[in-house]
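Following: one structure in structure tokens, then a few remarks.
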Amino acid sequence: MSTYTQVERNGLFELSESARAELTSSKYFNEDLSPTTVAERTWTTYSITMLWVGMSICIPSLSLASGLITMGVSPWLSVLNVALGNIIILVPIQLNSQIGTKYGIPFPLFARLTFGSAGAQLPALLRAFTACGWTSVQAWVGGGAVGAMIGCFASKFADATWSIGLPSWGGIQTVGVSQFIGYVIFIIFIGWVAYNGIEQIKWIQNIGGPLLIAVMLALLIWSKSIVPEGAGGVMAQGNDYTLINQNGGMALVYMSGLMGNIAFWATMALNIPDFSRYAKSQSAQFRGQMLGMPLPMAFCAFVGAYYAQATKLAFGEAMFDPTGVLYALDNKIVVFVAAIGTIAATVTTCVAANVVAPANGFSNLKPTKISYKKGVVITICIAFFILQAWWIYGSGSAYFVWMNAYGTILAPIAAIFIADYFVVKKRRVDVADLFKGNDGRYWYSGGINWAAIIAWFAAFILPLLTYFGVSGSFLVFINSINYIWSFVVGFILYIILMKTSLAGNSYVTEEEHEQFTEVQ
């Protein structure tokens with residue numbers, strides 16, 4: 001039998017047939033985790049561009065700019081903030097994409113490589129918990145559309161002043177009854193879809209994207225129509241320093257917004273190998289992401305900024321949630337069609353991107369006791385009862401607090417992945433050993449790479465203290481650059497720790513790599 005466990009073809013690696021056959025009996029191997037073959041890496045630049053366009057064009061993307069408007073930032077500065085944040089987060093996304101394309105491995109295997117076979121549960125669960133939060137947010141968006149549809153037939157539900165108080169992390173949060181009823185209906189519906197399989201309604205995805213773009217264009221037209229004559233150009237409006245000072249001053253508001261915009265895609269900076277492992281080449285994934293993410297996000301930022309500033313000029317206060325427009329329109333036909341488009345675009349995104357991943361993550365904790373379907377139920381319960389959408393998405397400031405909080409915790413994981421692959425392991429991976437548990441080189445100490453765990457915790461603990469009431473000028477400064485701080489500290493500390501005995505035998509020398517790799 002050949003001693004080669006992996007094969008290299010034009011810079012792309014795959015498991016050898018003999019190694020794949022041998023590993024199928026391992027308890028650490030299944031078809032979902034199986035590295036893609038070179039033949040399976042078929043996604044072109046166009047494929048990856050369209051993937052990102054589909055993920056970027058969504059209602060929460062609009063709220064990144066509208067949230068800054070509600071805190072007093074001018075329209076063009078808000079758009080710039082979103083654009084800059086997305087360009088910055090694209091760097092770790094691009095770097096962590098490379099291992100997926102080169103070796104064909106998904107996110108769980110990347111986590112094993114760095115955190116150990118058992119320690120990999122940590123980044124997987126953190127990514128899952130964050131996805132539960134986005135499930136809640138997306139359900140709130142879809143629920144707003146459902147509530148507006150109900151209002152087309154029951155006028156009382158369309159009354160935005162009819163509200164109730166709900167328990168929240170910060171006390172009692174007042175929300176519209178129609179929004180809450182729609183939210184409950186929508187989150188139950190997406191739970192049902194995920195439980196039974198998205199294939200039944202996957203056709204909706206084909207019409208949801210175009211419909212949502214049409215809804216966004218309609219939102220722009222409506223926003224222009226409500227601006228009073230003589231108000232001047234909507235996008236030419238300046239900063240509202242009264243609001244800015246109420247939120248802590250320009251530096252704090254703008255940096256908090258920037259860190260939140262970076263964190264918007266912080267989850268993708270971790271699990272991007274799940275997608276990049278299907279890329280045809282490194283250049284295809286690089287170009288696809290460069291084209292597919294920054295431009296659509298900038299478009300969404302412009303729409304969100306224009307809408308929020310126009311409502312501020314018309315009503316005296318900027319509207320944060322774009323679905324609120326559905327309650328301000330008199331034409332029930334327009335409301336119904338717009339609501340259908342919002343629901344269609346939101347349901348598949350919510351299920352595919354935010355429910356399935358955590359459901360699988362929870363199932364992976366105890367595969368014999370927690371099925372995928374039980375994982376769906378756990379996801380929906382966490383999304384509804386713990387990560388309350390009415391708090392996360394209740395205002396622009398709360399939205400950014402949520403993104404900054406999880407961004408602070410996830411940033412060092414992305415940094416540790418990059419440091420491990422590029423600096424420590426010098427882009428040399430023994431793919432077969434990722435499936436061998438304590439018989440492989442990535443077992444570390446009892447299945448856990450303590451260097452990764454220590455670096456992760458030490459990187460985020462200081463900025464996170466501010467969320468628990470610990471104050472001080474230094475901590476306030478750190479929190480204002482939380483994603484960057486956590487990323488840099490995690491990156492440096494991990495490299496230092498891996499130079500100690502904590503690294504174990506996880507290194508692959510160039511000679512070893514040549515011994516188990518066949519070049520074709």
Side-chain angles (χ1 to χ4, degrees), residues 15 23 26-36 92 95-100 102-132 266-277 356-370 372 375 406 409-422 424-425 429-457 459-460 490-491 494 497-498 502-508:
L15 281 173
L23 292 171
S26 170
K27 67 178 182 179
Y28 297 98
F29 183 94
N30 64 42
E31 288 304 319
D32 292 329
L33 295 177
S34 176
T36 55
L95 291 173
N96 282 331
S97 293
Q98 291 203 18
I99 191 170
K102 183 175 181 178
Y103 288 100
I105 64 173
F107 165 60
L109 292 188
F110 196 9
R112 283 184 196 175
L113 173 74
T114 304
F115 281 80
S117 298
Q121 295 285 9
L122 174 67
L125 286 177
L126 287 172
R127 196 261 178 262
F129 193 75
T130 306
C132 289
T267 54
M268 287 299 291
L270 304 187
N271 74 303
I272 188 61
D274 286 339
F275 303 96
S276 66
R277 67 185 181 132
V356 172
N360 284 327
F362 295 130
S363 175
N364 192 48
L365 280 176
K366 289 277 187 180
T368 58
K369 294 184 178 180
I370 304 176
Y372 161 76
Y406 78 69
I409 296 172
L410 297 186
I413 297 178
I416 289 166
F417 280 166
I418 294 168
D420 188 62
Y421 178 62
F422 285 94
V424 175
K425 296 189 171 71
V429 178
D430 184 348
V431 177
D433 267 24
L434 292 168
F435 299 98
K436 293 180 180 179
N438 59 354
D439 293 327
R441 70 175 73 240
Y442 304 118
W443 185 248
Y444 296 97
S445 177
I448 299 174
N449 181 4
W450 287 104
I453 301 294
I454 294 170
W456 166 72
F457 183 82
F460 76 76
F491 184 92
Y494 179 76
L497 290 172
M498 284 297 282
L502 291 174
N505 66 338
S506 64
Y507 300 108
V508 176

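Start at 1 with the first residue, then count along the sequence. All figures in this text were calculated on a predicted structure; none of them were measured in a lab.
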Backbone N/O of [Y] and side chain of [X]: donor-acceptor pair under 3.5 Å:
X: Tyr444; Y: Phe115; answer: no
X: Arg441; Y: Tyr507; answer: yes
X: Asn96; Y: Ala269; answer: yes
X: Trp456; Y: Ala411; answer: no
X: Asp274; Y: Phe107; answer: yes

Would you compute the distance between atom [atom1] of [X] and atom [atom2] of [Y] and round it to the nearest 0.5 angstrom?
X: Tyr442; Y: Lys436; atom1: OH; atom2: NZ; value: 10.5 Å
X: Leu109; Y: Thr114; atom1: CG; atom2: OG1; value: 11.0 Å
X: Ile413; Y: Phe460; atom1: CD1; atom2: CZ; value: 8.5 Å
X: Ile418; Y: Leu95; atom1: CD1; atom2: CG; value: 4.5 Å
X: Tyr494; Y: Leu497; atom1: OH; atom2: CG; value: 9.0 Å
X: Ile370; Y: Ser363; atom1: CD1; atom2: OG; value: 7.0 Å

**Request:** Please work out which of the three classes, parallel, tilted or perpendicular, describes the rings of Phe417 and Phe110, given edges at 30° and 60°.
**Result:** parallel

**side chain to side chain contact (heavy atoms under 4.5 Å, CB included) between Lys425 and Val508, intermediate numbers included** = CA-CA 7 Å; Lys425 296 189 171 71; Val508 176; over 6 Å; no

**Asked** So, for Phe435 and Phe29, is the gap between ring centers shorter than 6.0 Å?
**Response** yes

**Request:** List for me each residue that meets side chain to side chain contact (heavy atoms under 4.5 Å, CB included) alongside Ala120, sequence neighbours excluded, and say none if there are none.
**Result:** Ala111, Arg112

**By salt bridge (Lys or Arg N to Asp or Glu O under 4.0 Å) - contacts of Lys102 (at least two apart)** = none

**Prompt:** Which atom names give the shortest non-hydrogen contact between Gly361 and Leu125, and what distance separates them?
**Reply:** O-CD2, 4.2 Å

**Item:** Over all atoms of both residues, closest heavy-atom pair of Gly490 and Ala415
**Value:** C-CB, 4.5 Å

**Request:** Give the C-alpha distance, both sets of side-chain angles, the deciding distance and a yes or no for side chain to side chain contact (heavy atoms under 4.5 Å, CB included) between Asp420 and Met498.
**Result:** CA-CA 9 Å; Asp420 188 62; Met498 284 297 282; 4.1 Å; yes

